[in-house]
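Each remark here refers to the structure printed beneath this line.
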Amino acid sequence: MQRTITIGIDGMTCQGCVGSVQRALERVPGVLGTTVSLASGEAEVSFEDSQTSRAALAQAISDAGFDPRP
Ligand code: 9UX
């Protein structure tokens, strides 16, 4: 099933950071689309929940050097 979640992210300080997070999320298999906002410090992510999970998306954000909020 398709799901859309919001993940808070600390550590994004410019649009370059936003691009890094966006690319990191879009590389995760099962991700259908993302919107990352510097202003709100949040990512909205749509994904196929048989292929990935909130935990895996948070891990991808961490691996890119940013801090997903619990
Ligand atoms: Mo901007 Mo973000 O120059 O790591 S890309 S601060």
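Every number for a ligand or one of its atoms is a count from 1 in the order of the listing. Positions are given from 1 along the sequence.
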Legend entry - Gap between atom CZ of R3 and atom OG1 of T52 - 0.5 Å precision: 10.0 Å

Inset, instruction - Not counting sequence neighbours, list each pair that qualifies as a side-chain hydrogen bond (donor to acceptor under 3.5 Å, both in side chains) and has a residue in residues 35-47. - result: T4-S46, S37-S40

Legend entry - Distance from atom 1 (Mo) of ligand 1 to nearest protein heavy atom, with residue and atom: C14 SG, 2.0 Å

Inset, instruction - Output yes when a side-chain donor or acceptor of S53 lies under 3.5 Å from a complementary backbone atom of D49, and no otherwise. - result: no

Inset, instruction - Number the atoms of ligand 1 from 1 as they appear, then name those within less than 4.0 Å of a heavy atom of G16, with their elements. - result: 5 (S)

Inset, instruction - Could you find the nearest protein heavy atom to atom 6 (S) of ligand 1 and give me its residue, atom name and distance? - result: T13 OG1, 3.1 Å

Legend entry - Protein contact of atom 2 (Mo) of ligand 1 - nearest heavy atom, named by residue and atom, plus distance: C17 SG, 1.9 Å

Legend entry - Set of side-chain contact (heavy atoms from CB on, under 4.5 Å) partners for D63, sequence neighbours left out: Q59

